[in-house]
Amino acid sequence: MFASLEIDGFRGFGALRLEGLGRVNLIMGKNNSGKTSLLEAITLLGNHQMIQALPGLFRANTGLVADRFFPWLVKDGRASASLSARVGDSPRRIALAASPAQVEGLTRMTPRLGDVRLWVDSAPSLRVHAVSVQHRSPEVMVDSFAEAVRAPLDEQQLVALLASVDPRITSVRLDSVESKPFIVVDIGLSKRVPLSQAGQGIYRLVAVFSELLGSRPDLCFIDELENGIHYTSLAAVWRGIAEVAARLDIQVFATTHSWECLLAAHEAFSARDAYDFRVIQLYRMGEETEGRVLGRPHIEAAIAGQIELR
C-alpha cells in the first residue's frame, strides 16, 4: 500500500506531503481544493502507463487533450513537477519535465505531453482502476461484473449490498440478446430489468463493486462515492468496501463532499477489529493547497465537535 505521498508542482499543488495513509482513505475538501488532482497524481505513481487514459479518467475531457489537458499537469509558473511515494519499504518516483537535468535517475517516456515529457523510475506498475462520478455505459462494465460474480462469495456480497439499497433485489446477473451480454437485476417483476433501467444507486453500487470484486486492483479510486446512494445505505456500502479491501488486499482512495459519508465510514470501521481508515483533508491556504492525514483520534474529535472537514 501507499504509506506516504509527496507532490511538488503538479496541478495546483506547490508542495504537499501526506504521511500515514491507510488501506481505505477518504479525501475531503471544498471545491477546487485538489481532490481530483490528488487522484490523478496517485494514478500516475501507481501506473505511469495510464498517462494516455488520464484525461478522461476523472474529468470530462474530449478531444484536443494535447492543448486542453496535458499542459495543465505542471503547476502554472513551474518548469517541472515531481511525484514520489513510499509503497511499503520501496520508494517510487516520476516527473514531468522538459530537460533531463531536472530528473536525474529517471528514464524518459514518450510521447511528449505539451512542453514536457514523462520521466519514470523502474518501480513495477500496479493494477489501478477508477470509478468516476461520470456513469460508464453498462456494456463497459460487463467484463468486470462477470468476474465479480464468478465466485459465489463475491456474488452473495454484491447482492446483499444491492439489497441494502433496494430490498426487492434478489439477484443480479448477465443476460444476452443476439450474443451481446448485458447486466440484469431481479426486483420482483415478471422479468429481470436491465441495469440501465434500475435506479442510480443500484447502478452506482454495481459499478463500484464490479471494480473491487471483478478487477481486483492494487489501487481503486472512487470519485464522489455517495453519488446516487441514499445516506441511510452508506454504512452498509462502507462495510462492504472495508471487507472487500481487506480480503483482496486493495487500497482505496475515495472522494466526498458528504458529512453523512464520513459518519457512515467511521461507523463501519469502528465496528471492525482494525480501524484501517484515514481522512485526507485538503484545503486552500492563499494560493497554495495544503493537506493532512487524519487517523481515528482526530476523526472522532472532528465528529464530536462537528468540525468542518469538507
Side-chain angles (χ1 to χ4, degrees), residues 1-48 50-51 53-61 69-70 72-76 78 80-87 91-96 118 126 128-134 208 211 217-227 241 245 250-258 261-262 265 277-295 298-299 309-310:
M1 297 195 305
F2 279 53
S4 66
L5 293 166
E6 191 165 355
I7 302 174
D8 186 71
F10 181 80
R11 287 289 195 185
F13 296 113
L16 176 70
R17 185 170 182 83
L18 300 173
E19 294 276 1
L21 300 173
R23 176 167 299 283
V24 178
N25 305 271
L26 184 60
I27 305 169
M28 306 187 76
K30 295 181 179 179
N31 290 334
N32 205 33
S33 61
K35 296 186 296 299
T36 301
S37 296
L38 181 59
L39 294 184
E40 291 173 331
I42 301 171
T43 298
L44 291 179
L45 277 167
N47 187 343
H48 67 267
M50 294 187 68
I51 184 69
L54 199 63
L57 203 59
F58 303 108
R59 303 176 190 267
N61 279 284
F69 182 83
F70 290 122
W72 304 102
L73 292 182
V74 176
K75 184 176 174 62
D76 190 38
R78 295 284 195 96
S80 63
S82 66
L83 308 172
S84 59
R86 192 174 76 253
V87 181
R92 59 175 59 213
R93 178 182 168 227
I94 67 171
L96 291 156
L118 180 66
L126 302 175
V128 177
H129 284 270
V131 184
S132 172
V133 70
Q134 304 171 55
V208 169
E211 290 296 343
D218 297 305
L219 294 171
C220 187
F221 306 108
I222 309 172
D223 202 10
E224 296 187 25
L225 170 65
E226 77 285 356
N227 186 49
I241 289 173
I250 300 170
Q251 189 172 27
V252 175
F253 291 88
T255 68
T256 188
H257 288 289
S258 166
C261 191
L262 170 61
F277 172 68
R278 303 290 185 272
V279 168
I280 302 173
Q281 184 189 19
L282 299 178
Y283 48 92
R284 303 282 298 178
M285 295 291 288
E287 296 300 316
E288 296 296 328
T289 296
E290 303 287 342
R292 57 181 179 172
V293 179
L294 306 179
H298 293 96
I299 293 171
L309 299 178
R310 298 169 295 175

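Keep in mind it's a predicted model, so treat the numbers as computed, not measured.
In this structure, the side chains of P55 and F70 come closer than 4.5 Å at one or more pairs of heavy atoms. With a 4.5 Å cut-off on side-chain heavy atoms, I51 and L73 count as touching. You'll find the side chain of F10 stays beyond 4.5 Å of the side chain of L38, heavy atoms only. Inter-residue side-chain proximity for E6 and S84 is flagged as met; some heavy-atom pair is nearer than 4.5 Å. For the pair R11 and K75, the minimum side-chain heavy-atom distance is 4.5 Å or more. At a threshold of 4.5 Å between non-hydrogen side-chain atoms, the residues V293 and L21 count as touching. Taking the side chain as every heavy atom from C-beta outward, L96 and V74 approach each other to under 4.5 Å.
With sequence neighbours excluded, the residues forming a side-chain contact (heavy atoms from CB on, under 4.5 Å) with S33 are K35, L282, listed by chain and number. Every side-chain contact (heavy atoms from CB on, under 4.5 Å) that R92 has, sequence neighbours left out, goes to F2, L45, A85, V87, D121, A123, P124, L126. Looking at residues two or more places apart in sequence or on another chain, you find a side-chain contact (heavy atoms from CB on, under 4.5 Å) between H129 and E211, S215, P217. Residues forming a side chain to side chain donor-acceptor pair (under 3.5 Å) with E224 (at least two apart in sequence, or on another chain): none. Residues satisfying the side-chain contact (heavy atoms from CB on, under 4.5 Å) test with D8, not counting sequence neighbours, are A15, R78, S82. Evaluation of the side chain to side chain donor-acceptor pair (under 3.5 Å) rule for T255 yields D223 as partners, not counting sequence neighbours.
Remark: R284 is not positioned above the aromatic ring of F13, lacking an NZ or CZ atom under 6.0 angstrom from the ring centre and at most 45 degrees off the axis.
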Stepwise side-chain contact (heavy atoms from CB on, under 4.5 Å) test for I280 and I27: CA-CA 5 Å; I280 302 173; I27 305 169; 4.1 Å; yes
CA sep, side-chain torsions, deciding dist, call: L262, V279, side-chain contact (heavy atoms from CB on, under 4.5 Å): CA-CA 8 Å; L262 170 61; V279 168; 3.6 Å; yes
From CA spacing to verdict: side-chain contact (heavy atoms from CB on, under 4.5 Å), F221, V131: CA-CA 6 Å; F221 306 108; V131 184; over 6 Å; no
Chi angles and distances behind the side-chain contact (heavy atoms from CB on, under 4.5 Å) call for N47, M50: CA-CA 6 Å; N47 187 343; M50 294 187 68; 4.0 Å; yes
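Salt bridge R17/E19: present, at least one basic N to carboxylate O contact under 4.0 Å.
Residue R59 comes nearest to S37 through the heavy atom pair NH2-OG, 3.2 Å, listed as atom of the first residue, atom of the second, then distance. Minimum heavy-atom separation, I7 to A41: CD1-CB, 3.8 Å. Scanning all heavy atoms of the two residues, the minimum distance from R278 to G295 falls at CD-CA, 3.9 Å. Contact between G9 and A81 at its shortest, heavy atoms only, is O-CB, 3.1 Å. When all heavy atoms of L294 and I299 are compared, the pair lying nearest together is O-CD1, 3.5 Å. Here the closest non-hydrogen pair linking G12 and T289 is O-OG1, 3.9 Å.
Judged purely by distance below 3.5 Å, without hydrogens or angles, the side chains of R23 and Q251 never pair a donor atom with an acceptor atom.
Note that the CG atom of L26 and the CD atom of Q281 stand 11.0 Å from one another [nearest 0.5 Å]. Rounded to the nearest 0.5 Å, atoms SG (C261) and CG (L225) are 4.5 Å apart. Between atom CG of residue L83 and atom CD1 of residue I42 there is a gap of 10.0 Å, rounded to the nearest 0.5 Å. With rounding to the nearest 0.5 Å, the separation of CE in M1 from CG in D218 is 11.5 Å. Atom OG1 of T43 and atom CZ of F58 lie 4.0 Å apart (nearest 0.5 Å).
Between the side chain of N25 and the backbone N or O of V252 there is at least one donor-acceptor pair closer than 3.5 Å.
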